[in-house]
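The next block holds one structure in the form of structure tokens; read it before the comments.
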2 protein chains.
Amino acid sequence: MQKEITIYDIAKQLELSPATVSRALNDHPAINQNTKTLVANKAMEMGYRSNMFASNLRRQRTKTIGVIVPRLDSAFMSTVLSGMEKVANESSYNLIISQSLESVTKEIANAKTMFDSRVDGLLVSLASDTDNLDHFNTFFRKGIPLILFDRVIAQKNCINIVIDNQKAGYDATIHLINQGCKRILHVTGSLKRNVYADRLRGYKLALLEHGLTGGAELERSTNLTRQDGLDLVNYIKSMAIPPDGLFIASDFCAATCITALKQSGFSVPTDIAVVGFNDDPVSLVIDPGLTTIHYPGQEMGEIAAQSLINHLNGLLRLSTTNTILLNHELVVRGSSQRVVSQSTLP
Amino acid sequence: MQKEITIYDIAKQLELSPATVSRALNDHPAINQNTKTLVANKAMEMGYRSNMFASNLRRQRTKTIGVIVPRLDSAFMSTVLSGMEKVANESSYNLIISQSLESVTKEIANAKTMFDSRVDGLLVSLASDTDNLDHFNTFFRKGIPLILFDRVIAQKNCINIVIDNQKAGYDATIHLINQGCKRILHVTGSLKRNVYADRLRGYKLALLEHGLTGGAELERSTNLTRQDGLDLVNYIKSMAIPPDGLFIASDFCAATCITALKQSGFSVPTDIAVVGFNDDPVSLVIDPGLTTIHYPGQEMGEIAAQSLINHLNGLLRLSTTNTILLNHELVVRGSSQRVVSQSTLP
DNA sequence: TTGTATGCGTTATCAG
DNA sequence: CTGATAACGCATACAA
């Protein structure tokens, strides 16, 4: 456990002042190039590592970004985090990650921890029952930037990074309609959350435009768990007239349904065509492959982190840009394809 | 952007010394209970938050744990992280998380960042091509504890937290043998990694014990990706005598195989019985359900974090315990069940 | 039980 | 281009 090397030690060895060493290490413009290389070499040789705490204490920033997500153990979220980590790492920011487990209470506690950790900025995707941003007021007051991604609430002082969920819901539904579906059931999550409310809106719009009936019987708000998927299939079996199309706001739940539907004697897509959401890896594994909305997780994470860092560096004014909309894409696979185009065969 | 409150401000208002305030805030035994509550209330009232950097600078610890994992975007890893986050949070430790993307080079860089961030301890799961722990020598030298989990290399100065992969591989194979399989193909990952090497060893042992043949033709080392799964099915189709059992060291790859096998006209489990590894959510979604080795991710994360924290608090001597073995469990589902027990029917 | 004084390692300001 | 010096906010040894 040898003693920690400081800039004083380097200064002494080089017969320079600590100030010069500090400046050299930080590539200060007003320092002789020779001195810089001299210092750099000596630092390396002596095994110097800068003390972030002293530095952070002196400057007033932490080079740390706080991230609060609903759940860590979701395929989509891991992709997002992966993107954030990549960008943060490149700009030598650290990430402090915590999960709200879909509970506002926990989210509030997390926010407090982040505040006490003096994060330079915050990246948040809201819990399913969060309905205001009051717990981030301490941040707003201090001018600490907050970026919401995916699950957001629009508010003037923070960037939102989302896809156009309404359009995506619309696209998914139109696709089913184009496959000849007349009776489309939509399964969604908590309608407090923009992502689900917007998808539902898009679904309704598509039905409306095509003169199809919707209504309560065809709109199910659930938690999108595996069990919800199984329950749904039972519900379908109980219906007088079962649906011929299924738009489910989560791939995992959709995949569960496909398996359960098949086991119940329905044929997918012939009896019931299915579209999911997220392009989770599972959509490629099941048979038939799941048609879904591709949703750029990695990219969303990268953009969120990059925007925050840009803002922290004064390269982007938060007030200027307010919502960043990422493109989504309908990925058509077997679960919805009724109209098989024979023309592509040799 | 109001001024930050310090212990000096509290001290002034209360006509106490900063030292007393500091001690009161830290629940120092030698402080009057009344003073403590007085200080606590005032701190609350003034909106005081402690400056971790000043504190960390003064003490010699950071209340921060570094985590390096191969990939963030894996179902298993998110579970582990979720467990770590839970425990760390409870003991008010922060987590700094980074990914090696399965590359030693990146892992070395990550280790350096962690070192510079002066983490109090390190939780690491190794990249697939890491074959020594030299890049952690800086930590060992400084006495910073390192705990390896899941993908480990045994070394005297650090705890390993693993499951008994050899036993698990053995169990999986024995199960297939019990289902009547005579020709079992094993698909594994990089043999540099304990997890895969050990599972292979268990597989071989089981074969040996039952006088079954193995050999190169029945051992495939891949990256366990989706594509590897598809390639495997092609390989199987090309075999003179295809296997009647498949033990694949990853559920996701196994699920892909099942789907592809069915599409190629094989019946699972009748023609080929399949066992995976990890109990990934996907194993419940596919049809038939995937028999697999359940692997306590959340628990592994919790135990790893807790052990580290205990060690940091002097409650656990690293040198005493060297390997913590978690239990695994064979979860039997449809993909391997040939011997249907009729007796359970009504 | 409380107060005084000091230093943790940096960086920013000011002066040369 | 470089140096001296003063904070940054806290925790502790020592004193009372």
Side-chain angles (χ1 to χ4, degrees), chain A residues 1-40 42-43 46-64 92 94 115-120 142, chain B residues 1-40 42-43 46-64 92 94 115-120 142:
Chain A
M1 186 97 92
Q2 86 263 6
K3 195 195 155 286
E4 201 66 55
I5 306 293
T6 73
I7 50 172
Y8 284 90
D9 301 321
I10 302 183
K12 203 165 295 172
Q13 294 251 342
L14 255 34
E15 299 187 312
L16 284 172
S17 78
T20 305
V21 173
S22 168
R23 283 192 277 250
L25 252 16
N26 289 301
D27 204 19
H28 189 105
I31 292 286
N32 191 322
Q33 189 54 51
N34 295 328
T35 323
K36 281 187 188 169
T37 47
L38 207 64
V39 170
K42 200 60 173 182
M46 298 179 70
Y48 167 80
R49 59 171 175 168
S50 112
N51 186 319
M52 295 176 61
F53 303 108
S55 174
N56 286 337
L57 179 60
R58 192 48 238 259
R59 300 163 152 166
Q60 291 285 11
R61 49 152 212 207
T62 67
K63 276 280 188 175
T64 295
S92 55
N94 281 326
F115 189 68
D116 290 342
S117 303
R118 289 183 159 115
V119 294
D120 289 342
K142 277 215 141 26
Chain B
M1 187 95 93
Q2 85 265 4
K3 194 194 157 287
E4 201 67 54
I5 308 292
T6 73
I7 51 171
Y8 286 91
D9 301 320
I10 302 183
K12 203 164 295 171
Q13 295 248 341
L14 255 33
E15 298 187 315
L16 284 171
S17 79
T20 307
V21 174
S22 168
R23 284 192 273 252
L25 255 13
N26 289 303
D27 204 21
H28 189 108
I31 291 286
N32 190 322
Q33 188 55 51
N34 295 328
T35 323
K36 280 186 189 169
T37 49
L38 207 66
V39 170
K42 200 61 175 181
M46 298 179 70
Y48 167 79
R49 57 172 176 166
S50 112
N51 187 318
M52 298 175 59
F53 303 106
S55 172
N56 287 336
L57 180 59
R58 197 41 242 263
R59 298 164 149 164
Q60 292 286 9
R61 48 150 211 209
T62 66
K63 277 277 186 180
T64 297
S92 55
N94 281 326
F115 189 67
D116 290 342
S117 302
R118 289 178 148 80
V119 294
D120 288 344
K142 278 214 140 25

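Throughout, protein chains are lettered first and strands after them, A, B, ... in sequence-line order, and every chain is numbered starting at 1. As a basis for the values below, the full set of heavy atoms in this structure was taken, side chains included, without hydrogen atoms, waters or symmetry mates. It should be emphasised that the depicted structure is a prediction, and the values quoted were computed from it without experimental measurement.
- In this structure, NZ of B/K12 is placed 16 Å from C1' of C/dG3, rounded to the nearest angstrom.
- Every pair passing salt bridge (Lys or Arg N to Asp or Glu O under 4.0 Å) that includes a residue from residues 7-21 of chain A is listed here, sequence neighbours excluded: A/K3-A/D9.
- Residues satisfying the side-chain hydrogen bond (donor to acceptor under 3.5 Å, both in side chains) criterion with A/R118, sequence neighbours excluded, are B/E4.
- Rounded to a whole Å, the CG atom of B/N34 is 10 Å from the P atom of C/dT1.
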May I have the list of side-chain donor-acceptor pairs in residues 26-35 of chain A shorter than 3.5 Å, sequence neighbours left out?
| residue | atom | partner | partner atom | Å |
| --- | --- | --- | --- | --- |
| A/N26 | ND2 | A/S22 | O | 2.9 |
| A/D27 | OD1 | A/K36 | NZ | 2.9 |
| A/N32 | OD1 | A/N34 | N | 2.8 |

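- Not counting sequence neighbours, B/N56 has no partner by the side-chain hydrogen bond (donor to acceptor under 3.5 Å, both in side chains) test.
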Can you give one letter per nucleotide of nucleotides 3-12 of chain D, 5' to 3': B if a protein heavy atom sits under 4.0 Å from the base, S if only from the sugar-phosphate, - if neither? BB-BBBBBBB
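- Applying the side chain to side chain contact (heavy atoms under 4.5 Å, CB included) criterion to B/R58, with sequence neighbours excluded, gives no partner residue.
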